[in-house]
Number of protein chains: 2
Amino acid sequence: MSETIPEKDMQPQGPELDIVHLLRAVTVELGLLSGRFASRNHMHPTDVRALIALMDAARAGEETTAGRLGAALGLNSAGTTALVDRLERAGHVRRVRSERDRRRVVIEVEEQAVALGWAFFGPLIGRTAELLRGYDERELAAIRGFLEGVREAAAGEG
Amino acid sequence: MSETIPEKDMQPQGPELDIVHLLRAVTVELGLLSGRFASRNHMHPTDVRALIALMDAARAGEETTAGRLGAALGLNSAGTTALVDRLERAGHVRRVRSERDRRRVVIEVEEQAVALGWAFFGPLIGRTAELLRGYDERELAAIRGFLEGVREAAAGEG
DNA sequence: CCGAGTATCTCGCTCGACGAGATAATAGAG
DNA sequence: CTCTATTATCTCGTCGAGCGAGATACTCGG
């Protein structure tokens, strides 16, 4: 394996650039991790994204309907139905017809699925929280501000 | 399955937790963005991941063979061949038989593809770099250290 | 109570990814 | 130098996630 290609600066550099690349590396790593979680539990990446979206909504105290879930994941209605079918068959969620509008199907996450995710991602979350405990308020504010800025910038693009 | 997961404690206390969720939100947002890039250019998410991996390797001065690319993306050999076929057909990469080991196929990214990616992601990168310019050295070090810590923690899990 | 609007599901299809195995090139033993 | 093991890539047949089109079920304003 020769690495003869010289290190050329194809991109404008500066101390900020390595952070940008670090961030991308982190997202890649997290993507691979959730992929490992998926295949270990005989799920597809989309299924994992769906569970995360569902738990997120639940945390925020919102009901998630089939339609909302599909929209959040960028699936059309057919794909969404198939997704919920898979998750339901695997016992990760259950369909509940909404009382007030019986066209709606509310998706609820089974406790078993929550436990599964927590068992897998818990250690990482714990380690990250521990890592954060080493910073003072100003540093935490910087990290928070940076992430918020990136999220907004990413949401605004495209 | 059932064990000590009291609902309240799963998202416990601490100012750190919102940063964990922020980070996840950022990765979700970046994932959606690259999805928009993919469909806008008639590509599949895997194709985008492949181009990113290829450009990454190129920046690090490494040649990428078909096999390495497939391994990096978690594809088997058949899928890798199909992937490179797609990218080549679209004019984003070219296959080059390695001189010294003629079994090897080195994948090179076409300049056109680099320009395409830069045109789409450049603004976000620029905005992020600008955002980072607002922090002093200690804050930048905190951000860098946090991201590095998360990357290592994520790589270590699973 | 009818028709427009909305939410979800069904059907048929495409194509990305997989497993198995073929093909081609290299490296090493004798 | 030839035979064999190993490595890198590609081919073939198959599966299944997601799409487009349209069916079905329910709600609500006139």
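Here the structure is a predicted model, which is why all the values come from computation and not from measurement. Lettering of chains follows the sequences in order, A, B, ..., and the numbering in each one begins at 1.
In this structure, the CG atom of B/L69 is 14 Å from the C1' atom of C/dA17, given to the nearest Å. Rounding to whole angstrom units, CG of residue A/L83 and P of D/dC19 are separated by 11 Å. Note: CZ (B/R89) to C1' (C/dC15) measures 11 Å, nearest angstrom. Atom P of nucleotide D/dC15 and atom CG of B/L75 are separated by 20 Å, given to the nearest angstrom. Put simply, NE2 on B/H44 is 12 Å from P on D/dG18, counting in whole angstrom units. Distance CG (A/L87) to P (D/dG18): 10 Å, rounded to an integer number of Å.
A/G70 comes within 4.0 angstrom of no nucleic acid atom, judged by non-hydrogen atoms across all strands.
Contact annotation: B/N76 reaches the phosphate of C/dG19 (side-chain N/O to OP1 or OP2, under 4.0 Å).
Side-chain N/O atoms of B/H21 and A/R59 include a donor and acceptor closer than 3.5 Å.
One finds a salt bridge joining A/R94 and A/E108 here, because a Lys/Arg side-chain nitrogen approaches an Asp/Glu carboxylate oxygen to under 4.0 Å. In this structure, A/R95 pairs ionically with A/D85, as a charged nitrogen and a carboxylate oxygen lie closer than 4.0 Å. A salt bridge links B/R103 with B/D101: the closest approach of a Lys/Arg side-chain nitrogen to an acidic carboxylate oxygen falls below 4.0 angstrom.
Both A/R49 and A/R102 lie close to DNA chain D; mapped to their nearest nucleotides by heavy-atom distance, the more 5′-ward contact belongs to A/R49.
Taken together through direct or relayed side-chain contacts under 4.5 Å among Ile, Leu, Val, Met, Phe, Trp and Tyr, B/M55 and B/V106 form parts of separate hydrophobic clusters.
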Atom pairs, protein N/O to nucleotides 5-10 of chain D N/O, distance under 3.5 Å:
unit_1 : atom_1 : unit_2 : atom_2 : d
D/dT7  : O4'    : B/R103 : NH1    : 3.4
D/dT7  : O2     : B/R103 : NH1    : 3.0
D/dT9  : OP1    : B/A66  : N      : 3.3
D/dT9  : OP1    : B/V105 : N      : 2.8
D/dT9  : OP1    : B/V105 : O      : 3.2
D/dT9  : OP2    : B/G67  : N      : 2.6
D/dC10 : OP1    : B/R95  : NE     : 2.8
D/dC10 : OP1    : B/R95  : NH2    : 3.4
D/dC10 : OP2    : B/R95  : NH2    : 3.4
D/dC10 : N4     : B/S77  : OG     : 2.3

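The distance between the ring centers of B/Y135 and A/F146 does not fall below 6.0 angstrom.
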